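Only a predicted model underlies this, so the values are computations on that prediction, with no experimental measurement involved. Note on naming: letters A, B, ... go to the chains in the order of the sequence lines (proteins, then strands), and numbering restarts at 1 for each one.
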Amino acid sequence: MSWKFFSEALFQKAPHALLVHLLIVFVTVSLAIVISVPLGVLLTRRNYQRFGIVALNILNILQAVPGMAVLALALPLFGLGLKPAIIALLVQSLLPIVRNTIAGLLGVNNDVKEAASGMGMSARQILLEVELPLAMPIIISGIKTTTVYVVSVGTLASLIGAGGLGYLIMGGLALFRFEYLIVGAGLGALLSIFFDWALSYLEARITPPGIQVE
Amino acid sequence: MIELKGVTKLYQGQAVPAVQNLSLSINRGEICVFVGPSGCGKSTTLRMINRMIEPSSGTIEIDGKNIMSSDPDSLRMGIGYVIQQIGLLPHRTIAENIAIVPRLYKWPKEKIKSRVNELLEMMGLDPAETRNKYPSQLSGGQMQRVGVARAMAVDPSIMLMDEPFGAVDPVARNRLQDEFLRLQKEINKTIVFVTHDINEAIKMGDKIAILNQGQLIQFGTPEEILTDPANDFVENFIGYDRIVKKLNLYTVAEAMKTSFGLVDEAEFSGINAKIPNAEVIFVRDQGEQLVGYLTAEDLSAQGAQRLTQVARQKRLSFVKLNTPLPDALSLMLENDADYVAVLDGDRLCGAI
Ligand SMILES: Nc1ncnc2c1ncn2[C@@H]1O[C@H](COP(=O)(O)OP(=O)(O)OP(=O)(O)O)[C@@H](O)[C@H]1O
Ligand SMILES: [Mg+2]
């Protein structure tokens with residue numbers, strides 16, 4: 001254990017690696033939200049409901065493939081770098097959000113929807129003002145699952161040259177520099193914990209007060 | 001006016017229609033109650049009126065206009081809708097819940113605010129205390145009131161109410177019914193009211209439509225239905241106490257005798273007491289307080305001197321003009337009385 005390597009890892013390599021890692025997480029999760037929430041909404045609309053099972057099964061299968069394998073597959077298809085890594089991670093980020101969006105929307109009390117539509121609210125108004133706000137805590141919880149997943153599997157992204165905290169870990173392994181390993185893995189763990197905490201806080205904040213009361 | 005013409009609804013995958021060739025018309029300002037056993041098609045019929053369900057055949061007109069020619073959302077905005085489960089939005093305050101339809105109509109904020117307060121007051125809720133609460137903080141009865149207030153927000157001329165008081169205990173239900181009837185006298189809306197409780201139907205309805213297995217069995221005023229049930233089904237549905245239920249339709253005012261005698265106690269002491277010739281004679285003391293009554297038999301059986309005692313021995317009870325007849329009758333049984341006095345304010349106006 002050498003302080004020199006430790007501080008080198010922490011102060012010279014880690015900031016950049018962390019930044020890249022955060023970039024991977026933010027871009028992947030944002031894209032996952034933008035794709036998954038509308039997909040979940042669509043799959044709960046009456047005309048598309050019947051595709052729900054099929055879509056969830058496909059996503060389930062994608063999810064079941066080991067993260068390492070997906071990244072490895074992305075290599076011949078998209079080459080090296082950040083972009084293929086993000087694409088590969090994205091594929092596995094969709095399921096939790098889609099699943100929770102569907103569960104959240106289906107969980108909205110039918111009587112509430114019936115009353116809203118009986119008062120003349122349009123389907124769009126019901127979605128935006130009733131269904132999504134009521135489903136939001138569950139959707140956020142899906143986003144949390146995805147985020148934590150991307151933080152951890154994101155460390156593998158350095159395998160295809162995307163950088164990030166994985167770069168420190170791999171480097172540590174290759175050079176037998178235990179210090180690099182510790183810094184990389186430790187920061188990864190801290191990042192996971194941070195996102196978990198931040199999103200739990202958001203989840204609690206966003207839960208409508210009328211529901212928290214219970 | 002709401003007019004249903006040969007309306008049929010066959011749900012997908014159903015062998016028998018939920019509603020079958022139903023025709024009836026509901027006049028302006030009237031409460032029409034759909035009543036019948038569970039699954040007879042009451043809710044289906046109601047929900048066809050605001051196009052929550054589309055009929056398989058037949059037409060529905062509101063004020064002569066086929067509802068299929070209106071946009072469903074704007075049709076519903078113009079019709080008050082109350083359901084048993086109420087369906088208040090749990091993430092919105094009471095004020096926001098009531099403001100939903102006014103907001104759809106894009107009313108200005110100030111107007112919405114004062115209307116919400118007005119409605120809460122009308123429904124017997126304290127605006128300051130209730131406005132900012134969430135539905136989960138209210139009792140069942142309070143939620144029902146908010147549900148009704150919400151449906152009346154933009155003062156629609158038609159209200160559809162599907163078991164609106166179904167989710168509260170009988171005492172609260174009775175209160176809500178009474179209050180709603182009183183309110184209806186002022187607001188005079190055309191109301192379609194669904195219940196499976198015949199007593200509620202008799203109490204609330206100007207007209208009652210009895211449904212069974214999707215068919216209209218009888219349509220008429222409560223009195224017509226109680227007097228002349230169309231068939232065995234209706235008779236059974238009303239129950240064995242048809243006569244008692246019918247009594248409920250009447251108040252003391254409609255059944256009392258307006259010819260009665262009234263004498264001062266002091267008169268009895270005179271030998272030639274001027275005793276009026278009436279079936280019942282009320283007796284009052286010097287202070288003009290009623291103290292008892294006499295019947296025609298008492299007069300022939302007793303000497304004039306003892307009449308005072310006889311009159312005072314009988315327990316005299318009083319009812320008001322608008323007391324339901326059965327209440328007056330049970331009072332008579334309770335007091336073992338032949339007659340009760342009917343008061344209009346504090347003036348004696350009749351006897352039962
Ligand atoms: N969406 C639907 N799809 C298929 N069948 C339905 C649907 N809604 C109601 N039904 C059927 O139609 C019939 C009438 O239902 P409806 O809800 O109108 O009855 P109801 O008189 O309101 O009964 P309740 O007193 O139980 O509310 C029932 O047999 C019911 O099972
Ligand atoms: Mg019903």
Side-chain angles (χ1 to χ4, degrees), chain A residues 37 40-41 44-50 52 100-143 200-214, chain B residues 43 46-53 70-105 132-138 143 146-148 150-154 156 159-164 166-167:
Chain A
V37 174
V41 168
T44 51
R45 300 306 97 178
R46 192 182 304 169
N47 294 339
Y48 299 94
Q49 230 162 19
R50 60 207 145 100
N100 279 34
T101 304
I102 291 177
L105 290 173
L106 291 184
V108 175
N109 189 323
N110 255 328
D111 303 327
V112 172
K113 285 186 273 184
E114 154 103 14
S117 127
M119 284 185 287
M121 290 177 87
S122 65
R124 190 189 143 82
Q125 284 165 328
I126 294 176
L127 176 66
L128 295 180
E129 295 183 30
V130 181
E131 299 184 79
L132 281 177
L134 288 174
M136 201 46 82
I138 299 176
I139 297 176
I140 301 271
S141 141
I143 293 174
S200 298
Y201 176 75
L202 184 67
E203 191 181 328
R205 277 297 300 273
I206 218 158
T207 301
I211 296 170
Q212 277 175 335
V213 162
E214 284 173 21
Chain B
S43 300
L46 184 90
R47 287 153 53 86
M48 283 193 283
I49 298 174
N50 65 355
R51 290 190 63 181
M52 295 293 283
I53 299 175
S70 326
D71 164 65
D73 289 336
S74 45
L75 177 77
R76 289 174 204 150
M77 277 163 67
I79 298 179
Y81 186 47
V82 189
I83 54 176
Q84 175 174 353
Q85 307 78 0
I86 317 173
L88 297 179
L89 308 191
H91 59 307
R92 297 288 179 83
T93 63
I94 301 308
E96 287 167 341
N97 262 286
I98 297 176
I100 291 172
V101 183
R103 264 189 41 228
L104 294 178
Y105 276 108
N132 298 319
K133 282 193 172 165
Y134 286 92
S136 58
Q137 296 169 296
L138 299 189
M143 283 199 266
V146 175
V148 175
R150 184 173 68 172
M152 296 197 306
V154 295
M159 304 241 294
L160 307 180
M161 310 179 81
D162 195 342
E163 310 208 20

Over all heavy atoms of both residues, which pair between A:Val112 and B:Leu89 is shortest? Give the atoms and the distance, please. CG1-CD2, 3.3 Å

Return the set of residues passing side-chain hydrogen bond (donor to acceptor under 3.5 Å, both in side chains) with B:Asp71 (not counting sequence neighbours), or none when no residue passes. B:Ser74

Counting only heavy atoms closer than 4.5 Å, note whether B:Arg92 contacts chain A via side chain, backbone, both or neither. side chain

Pair B:Arg47-A:Glu114, side chain to side chain contact (heavy atoms under 4.5 Å, CB included): steps then yes or no: CA-CA 11 Å; B:Arg47 287 153 53 86; A:Glu114 154 103 14; 2.3 Å; yes

Do you know which of A:Pro133, A:Ala116, A:Ala123, A:Ser117 has the most heavy-atom pairs with chain B at a distance under 4.5 angstrom? A:Ser117

So what's closer than 4.5 Å to chain A heavy atoms on B:Leu75: side chain, backbone, both or neither? neither

First locate atom CE of A:Met119, then atom CG of B:Leu104, and finally report the distance between them rounded to the nearest 0.5 Å. 7.5 Å

To the nearest 0.5 angstrom, please state how far the CD1 atom of A:Ile206 sits from the NE2 atom of B:His91. 12.0 Å

The side-chain hydrogen bond (donor to acceptor under 3.5 Å, both in side chains) partners of B:Asn97 (sequence neighbours excluded) come to B:Arg150

If you look at every heavy atom in A:Gly118 and B:Asn50, which pair is closest and at what distance? O-ND2, 4.1 Å

Residue-level contacts of residues 124-132 of chain A with chain B, using a heavy-atom cutoff under 4.5 Å: A:Gln125, A:Glu129, A:Val130

Which of the residues B:Gln85, B:Arg103, B:Lys133 is involved in the greatest number of heavy-atom pairs with chain A at under 4.5 angstrom? B:Gln85

Select one option (side chain, backbone, both, neither) describing which atoms of B:Leu88 are under 4.5 Å from chain A's heavy atoms. backbone

Who pairs with B:Asp73 by salt bridge (Lys or Arg N to Asp or Glu O under 4.0 Å), at least two apart in sequence or on another chain? B:Arg76

What heavy-atom pair brings A:Ala115 and B:Gly87 nearest, and what distance separates the two atoms? CB-O, 3.4 Å

